[in-house]
Every structure is written in structure tokens, then in C-alpha cells.
Amino acid sequence: MLNRRTIRIKIMQSLFAFEQCKEANYLLSLDLLDERFSPDLNSMEVQDKESLRKQKKEAKQVFENQFKKITATGQTEKAISSAVADAASLFEKQVRKDQQFLGKNITIEIQKLTETYHNTLGLIIALAEVAGGEKKSIHANFPNQPIIQALIDNPELKKELLRSAGWSNKITLVRDWFREILKEDKEYQKFIETKSQELDSQKAFLKYLLRKVILGSNAINDYFEEQDIRWAEDKDIIKSLAEKTIKSFDGQKVELQKVSLDWEDDKLFIDRLFKNTIELDESYKELIAQNTKNWEVDRLPLTDRVILEMALAEMVNFPNIPVKVTINEYIELAKEYSTPKSRQFINGILDVISKKMKESGAVKKSGRGLIDNK
């Protein structure tokens, strides 16, 4: 089941990508200045290369100062001011475009989880159908299991697989996986030797099929990884959903799971946290810098910086989430995705900053958010 930790991971990944896009956009803006003050090779007039070189150097310095919010001193000639304005405009335009794309992409990726979940169940059906077509009749024991029939007969799953074409257009690939992976599997061979399986035995085998065959270290898992760049994280979610589906079998039917129990609430959380982190007030970034041995925030490892800024944005903008919950969640993110020392570093920084923010009134909690403040 989709949980807030999974959502935070996907937001973190998009924020990380956003920061990388900003760096690329900065370089694009510098390229514009390079181009603006490069000699015109098509011009018949003599080019003052030394003057252009000096203008380019000054333009880049002015642009960098603006980027770092350093107050300009002295007069800047019109050609340089115009070029810098164009470079800044290009940067801002690209940043807005990237923010919009990456913000929408978070929800698209999460929505794709449902399709992948259905396709995973569909692959169980497809493998069973291939088994049923084998010459040796013993393989028919696999598709004839009641739990397989329950998956085939589930109206919602049938509708979703029909809509997405399921594995019908990849049946050759499924046959290869059956022959090369499943057919050679000892647990599968043991399973099909018994015509009538108990309910628990059916469930146990399908869980094995899911974990060790479909999601194991083999060509099937490689296929899913190629289809989903976030497969390392999504895989556990898919496994959990599929296992709950198998567990729900009561001898007659299975119950499909929902990726999100309240998608509108989850989507609102995604949109707000992503936007609030990007728009985090500079004073909070300065607070991070003041508590990181006077390091500039930009000198922190990017993952740590994103995690810290997300944590502060969540503390400030989500009054119903307890501070301790927020800190614990981002410690776990640091443990999983950053450097070996990051967990302790993030824990110490957030503990100190959260206390200061509570004292200053920057963090105001209500409802469930008050739980850890008692």
C-alpha cells in the first residue's frame, strides 16, 4: 500500500532532479552570454575580440552576482545589461518549465504503480496460460488451480488488462520466461506434481512465484526495471499489493488492492510539499547554514540539502504532522539514500533547528500535530 514515506521518496527524487535541472539551466544561460559576446564570423566588419572578451567576462560576473543576490555596484553598459537580462529570463523560463514538469511527473509515476500492479497479476495469469498449453498434461495443474481462476475471473482485473492489452502482445516473451525460468524452477515442479492443492499451499506457491520468480534476480525483473526507472522503490510496493491480493483469496475470489486509499489527499500532500520545498523562505536555508558549522547550504551534499529543506517545509506547512514524525521520516530517507554519516548529521541538525523554530513560533502544530509536543 502506498504510504507517506513512499510519497516523500518520490518527491525527494523529483526535487533532486529539479536541482540538477537548475544547474543545467544556469549553464545554458552562460552559454547564451558566450554566444552574445562571441565574434560574428559572418560579419564583414572587423571584430574587436579583446573588447568582446572583456564584455563576456563582465556579463558573466554580473549574471553570477544576480544569481547569488549580490547587490550590483557601479554602472553596467547597455549591451551587457541586455544580455544578462536575456540570460536571467532564459533561466527563469526553464526553471518554471522544469518545476511544472517534475511536479506533474510525481503523480504520473505514482498512478503508474496501479498499472504495474495489475500487469504483475496479469503476468501470473499469462504464465499459467502458457503452462496450460504445454504438451505434458502435468503443467495443466498450474492454470487449473482455483486461485488462478479467481484472478482470471476478477472483473476489475479483467477490465484493466483488456484496457492495457496485458501480456497478449508480449506472449512470446512470456513463453521464453516460462521455458527458461519457471519451467526449470524446482518449487514449480513440486507444485504441479500435486493435482489438488490446499488453499494455504496455493497461496504459498503464488507468493513464492511472485517473490522469487517474477520479482527475483532474473530476466523478468530486468524487464520491469527497464520499464520503470524507479523500479528499486516501486518493486516493494508492487510486491506488497500483489501479496495482499493473494492473501485475500477465500477459496472463490480475490480482492484487488488500491494503491492509495485517499488519492485526493495524497495528491494534495504531493503538490504542497513539492511546491513548498522549492519556495522555502531563504531565512530557513540560512537557519540550516547556521547550524551546519557555518557551511553554505549550497556546499552540502545535494541529497542532504534536499532532505533538510523538505523536512523544514513539512514542519512549517503541515500543522497536523508531528515534528517527531517528520524528523524520523527524513532520518530514514537519509539512511537509505545519502551518505553513511548522513543519518546522524540530519538527525542532529533537524533536532536543533526544530527546537529553535518552535521557540520562534515558525512551527505551529494543531490536531494530531500536537502529539509529540505534550
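FYI, the numbering just counts along the sequence from 1.
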request  = Would you mind checking if K356 and E286 are paired as a salt bridge, meaning a charged N to carboxylate O distance below 4.0 Å?
outcome  = no

inquiry  = Do I152 and K158 make a side-chain contact, defined as non-hydrogen atoms from C-beta onward lying under 4.5 Å apart?
reply    = no

query = Which atom names give the shortest non-hydrogen contact between S29 and A87, and what distance separates them?
reply = OG-O, 3.0 Å

inquiry  = Tell me whether K253 at atom NZ has more than 12 heavy atoms from other residues, nucleotides or ligands lying less than 6.0 Å away.
reply    = no

message = Under a 3.5 Å cutoff, is there a donor and acceptor pairing between the side chains of Q94 and D98?
response = no

request  = Write out all pairs satisfying side chain to side chain donor-acceptor pair (under 3.5 Å) with one or both partners inside residues 124-142, taking only residues at least two apart or from two chains.
outcome  = E134-K183, H139-Y188

ask   = Does the ring center of Y223 lie less than 6.0 Å from the ring center of W167?
value = yes

request  = Please say whether more than 12 non-hydrogen atoms of neighbouring residues, nucleotides or ligands are located less than 6.0 Å from CZ in F101.
outcome  = no

ask   = How close do C21 and L102 get, heavy atom to heavy atom, and via which atoms?
value = SG-CD1, 4.4 Å

inquiry  = I'd like to check R4 versus E329 (side-chain heavy atoms, cut-off strictly below 4.5 Å). Are they in contact?
reply    = no

message = Quick check for you: to the nearest 0.5 Å, what is the distance between I321 atom CD1 and S366 atom OG?
response = 11.0 Å

query = Is there a donor-acceptor contact under 3.5 Å linking the side chains of E233 and Q13?
reply = yes

inquiry  = I'd like to know whether D271 forms a side chain to side chain contact (heavy atoms under 4.5 Å, CB included) with I106, so could you lay out the CA-CA distance, the side-chain angles of the two residues, the decisive distance to 0.1 Å, and finally the verdict.
reply    = CA-CA 9 Å; D271 293 341; I106 301 170; over 6 Å; no

key: Where S14 and F274 come nearest, the two heavy atoms and their spacing   = CB-CE1, 3.9 Å

inquiry  = If you apply the rule side chain to side chain contact (heavy atoms under 4.5 Å, CB included), what do you find for F91 with L28, and how did you get there?
reply    = CA-CA 8 Å; F91 177 80; L28 281 175; over 6 Å; no

inquiry  = Are more than 12 heavy atoms, taken from residues, nucleotides or ligands other than K112, located less than 6.0 Å from that residue's NZ atom?
reply    = no

Ion pair check, E243 and K239, cut-off under 4.0 Å = no

query = Are I138 and F142 connected, step by step, through hydrophobic side chains (Ile, Leu, Val, Met, Phe, Trp, Tyr) whose heavy atoms are closer than 4.5 Å?
reply = yes

message = Testing D234, N105, T107 one by one against K10 for a side chain to side chain donor-acceptor pair (under 3.5 Å), which residue passes?
response = D234

request  = Would you give the length of the straight line joining atom CD1 of I278 to atom CZ of F18, rounded to the nearest 0.5 angstrom?
outcome  = 4.0 Å

task = Applying side chain to side chain contact (heavy atoms under 4.5 Å, CB included) between F16 and each of E19, M12, Q20, report the one that passes.
result = Q20

ask   = Could you state the interatomic distance from CD (Q227) to CG (D222), rounded to the nearest 0.5 Å?
value = 11.5 Å

key: Intermediate values then yes/no, side chain to side chain contact (heavy atoms under 4.5 Å, CB included), S354 and I327   = CA-CA 9 Å; S354 65; I327 292 176; 3.8 Å; yes

query = Is any side-chain heavy atom of L256 closer than 4.5 Å to a side-chain heavy atom of L121?
reply = yes

ask   = Could you give the distance from CD (E115) to CG (D228), rounded to the nearest 0.5 Å?
value = 10.5 Å

query = Could you state the interatomic distance from NZ (K170) to CG (D176), rounded to the nearest 0.5 Å?
reply = 14.0 Å

query = Can you name the closest pair of heavy atoms from I238 and L113 and give their distance?
reply = CD1-O, 3.5 Å

query = Residues in side chain to side chain donor-acceptor pair (under 3.5 Å) with W231, at least two apart?
reply = N221

query = Can you find a pair of side-chain heavy atoms, one from K235 and one from F224, that are under 4.5 Å apart?
reply = no

Salt bridge D200-K207, side-chain N to carboxylate O under 4.0 Å = no

task = Determine the minimum heavy-atom distance between L33 and V84, stating which atoms define it.
result = CD2-N, 4.0 Å

ask   = Quick one: are W177 and L123 in side-chain contact, heavy atoms under 4.5 Å?
value = yes

message = Walk me through whether E50 and R53 qualify under salt bridge (charged side-chain N to carboxylate O under 4.0 Å, His left out).
response = CA-CA 5 Å; E50 182 60 24; R53 187 188 66 77; 2.6 Å; yes

ask   = Can you tell me if E332 and N328 form a side-chain donor-acceptor pair at under 3.5 Å?
value = no

query = If you round to the nearest 0.5 Å, how far is OG of S260 from CD of Q111?
reply = 10.0 Å

task = Could you tell me whether E35 atom CD has more than 12 heavy atoms of other residues or ligands within 6.0 Å of it?
result = no

Minimum-distance pair of heavy atoms, taken over all atoms of S164 and N119 = OG-OD1, 3.7 Å

ask   = Are L215 and L210 side-chain neighbours, meaning at least one heavy-atom pair lies under 4.5 Å?
value = yes

inquiry  = Under the criterion side chain to side chain contact (heavy atoms under 4.5 Å, CB included), I'd like the reasoning laid out for L333 against Y330: C-alpha separation, chi angles, the key distance, then a yes or no.
reply    = CA-CA 5 Å; L333 259 63; Y330 289 100; 4.0 Å; yes

ask   = Do you reckon F67 sits in the same ILVMFWY cluster as L30, going by side-chain contacts under 4.5 Å, direct or chained?
value = yes

ask   = Mind checking whether L209 and L182 have side chains closer than 4.5 Å, heavy atoms only?
value = yes

query = Does the distance from a Lys or Arg side-chain N to an Asp or Glu carboxylate O, for E187 and K190, drop under 4.0 Å?
reply = yes

inquiry  = Whether R163 and E160 form a salt bridge (side-chain N of Lys/Arg under 4.0 Å from carboxylate O of Asp/Glu) is what I want to check.
reply    = yes

query = Are the side chains of Y208 and F191 in touch, meaning some heavy atoms are under 4.5 Å apart?
reply = no

